[in-house]
Amino acid sequence: MADNARAKRLADLIREVVAQKLQRGIKDPRLGSHVTITDTRVTGDLREATVFYTVYGDDEERKAAAAGLESAKGILRSEVGRAAGVKFTPTLTFVADALPDTARTIEDLLDKARQSDAKVREASAGARYAGEADPYRKPDSEDEADDTDGTDDSTA
């Protein structure tokens with residue numbers, strides 16, 4: 001079992017090697033400059049690596065990029081093995097990163113919240129509080145003030 005620091009270093013190396021090879025070494029037109037490697041995770045035994053990627057474009061381009069990455073998996077794994085110098089080169093699994101979709105969903109929800117806040121702000125622009133400015137009861141005269149001290153004056 002490898003330590004976590006070694007797995008992290010190997011994950012960083014895999015991310016760099018795969019990104020450089022996609023940018024310069026692979027001639028597949030499906031893997032143009034619109035594929036970005038976002039993260040890489042390696043299991044504790046250093047046998048499997050998951051590479052997360054994003055594709056800027058429509059669904060058709062995403063499917064084409066996924067097929068291109070699957071076809072280039074062997075070349076990329078051999079490049080990782082050459083660069084890493086480990087006894088066993090980890091197998092690569094490519095997973096489309098859901099981060100852009102999640103970010104878009106969060107932005108949409110924030111926009112809805114801003115619109116709702118603006119509506120509430122408009123509705124409350126001319127509003128006043130119900131009741132008086134000071135909601136606490138105060139004695140109107142000295143007679144009421146004497147009654148509030150807790151003594152009963154009627155028996156005296």
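This structure is a prediction, so every number in the text was calculated from the model and none was measured. Here, residue 1 is the first one in the sequence, and each next residue gets the next number.
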Closest non-hydrogen atom pair between [X] and [Y], with its separation:
X	Y	result
Ala65	Val55	CB-CG2, 3.6 Å
Leu46	Pro90	O-CB, 3.6 Å
Ser71	Gly68	OG-O, 2.8 Å
Thr38	Arg15	O-CD, 4.1 Å

Any salt bridge between [X] and [Y], counting N to O under 4.0 Å?
X	Y	answer
Arg104	Asp108	no
Asp39	Arg41	yes
Glu70	Lys73	yes

side-chain contact (heavy atoms from CB on, under 4.5 Å), that's the test. Do Asn4 and Arg9 meet it? Break it down for me.
CA-CA 9 Å; Asn4 287 336; Arg9 284 193 312 266; over 6 Å; no

Do Leu92 and Val95 land in one hydrophobic cluster if side-chain heavy atoms of ILVMFWY residues count as linked below 4.5 Å?
no

Answer with yes or no whether the hydrophobic clustering places Leu13 together with Val42; edges join I, L, V, M, F, W, Y residues whose side-chain heavy atoms lie under 4.5 Å apart.
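Both belong to a single hydrophobic cluster.
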
Under the salt bridge (charged side-chain N to carboxylate O under 4.0 Å, His left out) rule, what do Lys8 and Asp12 come out as? Steps first, then yes or no, please.
CA-CA 6 Å; Lys8 178 71 174 143; Asp12 291 342; 3.4 Å; yes

Go through the steps for Ile26 and Ile75 under the test side-chain contact (heavy atoms from CB on, under 4.5 Å), then give the verdict.
CA-CA 9 Å; Ile26 306 277; Ile75 296 169; 4.0 Å; yes

Pairwise distance [atom1]([X]) to [atom2]([Y]) - rounded to 0.5 angstrom:
X	Y	atom1	atom2	value
Ile106	Asp111	CD1	CG	12.0 Å
Lys21	Ser78	NZ	OG	7.0 Å
Glu107	Thr105	CD	OG1	10.0 Å
Thr36	Gln23	OG1	CD	10.0 Å

Let's go through Glu79 and Arg82 carefully: what are the C-alpha distance in whole Å and the side-chain angles of both, what is the deciding distance for salt bridge (charged side-chain N to carboxylate O under 4.0 Å, His left out) to 0.1 Å, and is it a yes or a no?
CA-CA 5 Å; Glu79 282 295 318; Arg82 206 174 289 129; 2.5 Å; yes

Holding to side-chain contact (heavy atoms from CB on, under 4.5 Å), I want the full list of residues that pass it with Ala64, two or more places apart in sequence or in another chain.
Arg30

Give every residue pair that meets the side-chain hydrogen bond (donor to acceptor under 3.5 Å, both in side chains) criterion with at least one member in residues 47-58, sequence neighbours excluded.
none

Salt bridge (charged side-chain N to carboxylate O under 4.0 Å, His left out) for Asp117 and Arg114? Distances and angles first, verdict last.
CA-CA 5 Å; Asp117 287 348; Arg114 284 185 200 106; over 6 Å; no

Hey, does the side chain of Ser116 reach the backbone of Lys112 with a donor-acceptor pair shorter than 3.5 angstrom?
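The answer is no, because no donor-acceptor pair under 3.5 Å joins these two groups.
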
With a 4.5 Å limit on heavy-atom distance, are the side chains of Val18 and Thr40 in contact?
no

When you measure from the centre of the six-membered ring of Phe88, is the NZ or CZ of Arg77 under 6.0 Å away and within 45° of the axis?
yes

